Amino acid sequence: MAIYSRLLLCLIAVVMGAMAVSGVANAQTPCAAADALFAGRLYEQAGAQYGEVLKQDATQSCAQEGLSKVAEIQGRATAEYRLGQGYEAAKQTEAARSHYIASLNIDPTYGPSLTALNNILTPAADTPPTGDDEKFGAVRLLLRLGFKDAAEEQVKKIVGDNPVIKVPADVQDQFTGDLQPWHNLKDATWPWLRSAGEVLLLGVIAYVLFLALRRKFSPATRIAVADFEASSESLKGSKGMSAIVQ
């Protein structure tokens, strides 16, 4: 019986440890993922992530502050873009180009400035890209401007929206293999796999506990214990009789 008690205590300790680990993993700031995107200057994605946090809990101050910062940055990027549009309309291409670059220096993922600057930097005589290759025009522009992190996120977004698309060799060569479709699949499925692993661990612990308890309280076990106790009593009686006879 002492053995089963120790086994039960060990199982309880394991369950509590698993729950504690899970609690620590989930105790991180709700805005941690969005803050990481913001720190990486991926403001559009950060804004979307802050919005998701607010959908879960509208009182999260970190998400409210994060969205305010994203809006302020995007507002500045928009202002530079509009200045660029004005100069471009006035046929002052260099001034327009400077403002589009200034907009991207504020927010490397600001789409309108990416498109406008790409149109300026791509000579009309060049053969325009077609098909899948056309989707990577903004990526090439970001790479030319030195915004590698933003370019990588843009590629991942393209691949995520088009899983069978082939990344052009000149783009793929700028990175170290992180752009494969399976990478996006891993990012999407890992949280689910981790949760499934925790559930499986708890299930195994519960099953072992069930087997131990069933073994302890099963009729066969009780009969065996009763037989053992009866045999012991009988043996004691036999020894007593032998002593009396002697």
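Being a predicted model, the structure only gives us computed values, none of them experimental. Counting begins at 1 with the first residue of the sequence.
- Residues V53 and P30 come closest through the heavy atom pair CG2-O, 3.5 Å.
- In this view, A36 satisfies the side chain to side chain contact (heavy atoms under 4.5 Å, CB included) rule with no residue, not counting sequence neighbours.
- With values rounded to the nearest 0.5 angstrom, Q154 atom CD is found 6.5 Å from L142 atom CG.
- The line from CZ of R140 to CG of L121 is 14.0 Å long, rounded to the nearest 0.5 Å.
- In this structure, L37 shares a hydrophobic cluster with L42, the cluster being traced through Ile, Leu, Val, Met, Phe, Trp and Tyr side chains under 4.5 angstrom apart.
- Annotation: side chain to side chain contact (heavy atoms under 4.5 Å, CB included) contacts of T78 (sequence neighbours excluded): R82, Y110.
- Through direct or relayed side-chain contacts under 4.5 Å between Ile, Leu, Val, Met, Phe, Trp and Tyr, F38 connects to Y43, Y50, L54, L67, V70, I73, I106.
- N118 places no side-chain N or O within 3.5 Å of a backbone atom of L114 that could act as its donor or acceptor partner.
- Within the structure, ring-ring contact (aromatic ring centres under 6.0 Å, His included) contacts touching residues 137-173 (residues at least two apart or in different chains) do not occur.
- For residues 100-109, the set of pairs meeting the salt bridge (charged side-chain N to carboxylate O under 4.0 Å, His left out) definition, not counting sequence neighbours, is empty.
- Counting only residues at least two apart or in different chains, disulfide (SG to SG under 2.5 Å) contacts with residues 70-108 are absent.
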Could you list the donor-acceptor pairs under 3.5 angstrom formed by side chains in residues 84-94, with sequence neighbours left out?
unit_1	atom_1	unit_2	atom_2	d
Q85	OE1	Y81	OH	3.3
Q85	NE2	Y100	OH	2.7
E88	OE1	Y100	OH	2.6

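- Under the side chain to side chain contact (heavy atoms under 4.5 Å, CB included) criterion, D149 pairs with no residue at all, not counting sequence neighbours.
- Atoms CG and OG, from L141 and S113 in turn, are 10.0 Å apart once rounded to the nearest 0.5 Å.
- Residue pairs satisfying the salt bridge (charged side-chain N to carboxylate O under 4.0 Å, His left out) criterion with at least one member in residues 67-81, sequence neighbours excluded, are listed as follows: E72-R76.
- Taken from CD in E153 to CD1 in I158, the straight-line distance is 11.5 Å, to the nearest 0.5 Å.
- Between K156 and E152 a salt bridge is recorded (basic side-chain N to carboxylate O distance below 4.0 Å).
- In this structure, the side chain of S103 does not engage the main chain of H99 through any donor-acceptor pair within 3.5 Å.
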*Full working for side chain to side chain contact (heavy atoms under 4.5 Å, CB included) between Q49 and D35*: CA-CA 9 Å; Q49 191 67 38; D35 290 342; over 6 Å; no
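- Here the side chain of Q64 pairs a donor or acceptor atom with the backbone of A58 at under 3.5 angstrom.
- For residues 51-63, the salt bridge (charged side-chain N to carboxylate O under 4.0 Å, His left out) pairs, not counting sequence neighbours, are E52-K55.
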